[in-house]
Amino acid sequence: MPPNLTGYYRFVSQENMDNYLRALDINVVLRKLVCLLKPDKEIIHTGDHMVIRTITSLRDYVMDFDVGVQFEEDLGPVDGRKCQTTVSWEGEQLVCEQLGEKRNRGWRHWLEGDQLHLRMTAEDEVCVQVFQKVK
């Protein structure tokens, strides 16, 4: 049985965000701004339905989906693209595949104790973020 990810998580650290954003063709000014942000995550996990909010001082991004059901994701706030997205469980990791213009695009979330880990990929780049559960 997969873990329940419900909670509010505060940003702790990130690695390789600039190269990840470069792989998504994000311009240098926006890359520098995004690399300065310290996003929080709020996850509401009810059965197979999930809402994941990424909260920043610049803007929020909300993913609202059913696990295992493909949907069109509008990534306009991120990089101006749309993709076909499917989120599913692989063991205790929540895995997202985003099919579209960029190869190998997606992410995975998993818990280690009270820390939420996020591994994002695009092309050959990998960015890892860590968040601490606060409630």
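Numbers for residues simply follow the sequence, beginning at 1.
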Once rounded to the nearest 0.5 Å, what's the spacing between atom [atom1] of [X] and atom [atom2] of [Y]?
X: Asn27; Y: Leu33; atom1: CG; atom2: CG; answer: 10.0 Å
X: Lys38; Y: Thr56; atom1: NZ; atom2: OG1; answer: 12.5 Å
X: Asp64; Y: Glu73; atom1: CG; atom2: CD; answer: 11.0 Å
X: Thr85; Y: Leu99; atom1: OG1; atom2: CG; answer: 7.5 Å
X: Arg108; Y: Arg119; atom1: CZ; atom2: CZ; answer: 6.5 Å
X: Gln14; Y: Met120; atom1: CD; atom2: CE; answer: 7.0 Å

Does some side-chain heavy atom of [Y] sit less than 4.5 Å from a side-chain heavy atom of [X]?
X: Leu5; Y: Leu94; result: yes
X: Gln129; Y: Leu116; result: no
X: Ile52; Y: Phe65; result: yes

Please name the pair of heavy atoms, one in [X] and one in [Y], separated by the smallest distance, quoted to 0.1 Å.
X: Cys35; Y: Asp18; value: SG-N, 3.6 Å
X: Cys83; Y: Gln98; value: SG-CB, 3.5 Å
X: Cys96; Y: Met63; value: SG-CE, 4.5 Å
X: Trp110; Y: Glu112; value: NE1-OE2, 3.0 Å
X: Asp74; Y: Tyr61; value: O-OH, 3.7 Å
X: Trp107; Y: Leu118; value: CB-CD1, 3.7 Å

Any donor-acceptor N/O pair, [X] side chain to [Y] backbone, under 3.5 Å:
X: Asp48; Y: Asp66; answer: no
X: Arg81; Y: Leu24; answer: yes
X: His109; Y: Gln93; answer: no
X: Lys41; Y: Gly7; answer: no
X: Asn16; Y: Val128; answer: no
X: Thr121; Y: Val126; answer: no
X: Lys82; Y: Glu72; answer: no

Inset, instruction - Could you tell me whether Arg53 and Asp40 have a side-chain N and a carboxylate O separated by less than 4.0 Å? - result: no

Report yes or no: do [X] and [Y] belong to one cluster of Ile/Leu/Val/Met/Phe/Trp/Tyr joined by side chain heavy-atom distances under 4.5 Å?
X: Met17; Y: Val130; answer: no
X: Leu111; Y: Met50; answer: yes
X: Leu58; Y: Tyr20; answer: yes
X: Val12; Y: Ile55; answer: no
X: Val95; Y: Trp89; answer: no

Inset, instruction - Measure up the Phe131 and Phe11 rings against each other and bin them: parallel (under 30°), tilted (30 to 60°), perpendicular (over 60°). - result: perpendicular

Flag if over 12 foreign heavy atoms under 6.0 Å of [atom1], [X]:
X: Glu97; atom1: CD; value: no
X: Arg31; atom1: CZ; value: yes
X: Gln84; atom1: CD; value: yes

Inset, instruction - Might you work through the side chain to side chain contact (heavy atoms under 4.5 Å, CB included) test for Leu75 and Arg105, ending with a clear yes or no? - result: CA-CA 12 Å; Leu75 291 160; Arg105 185 169 185 174; 3.4 Å; yes

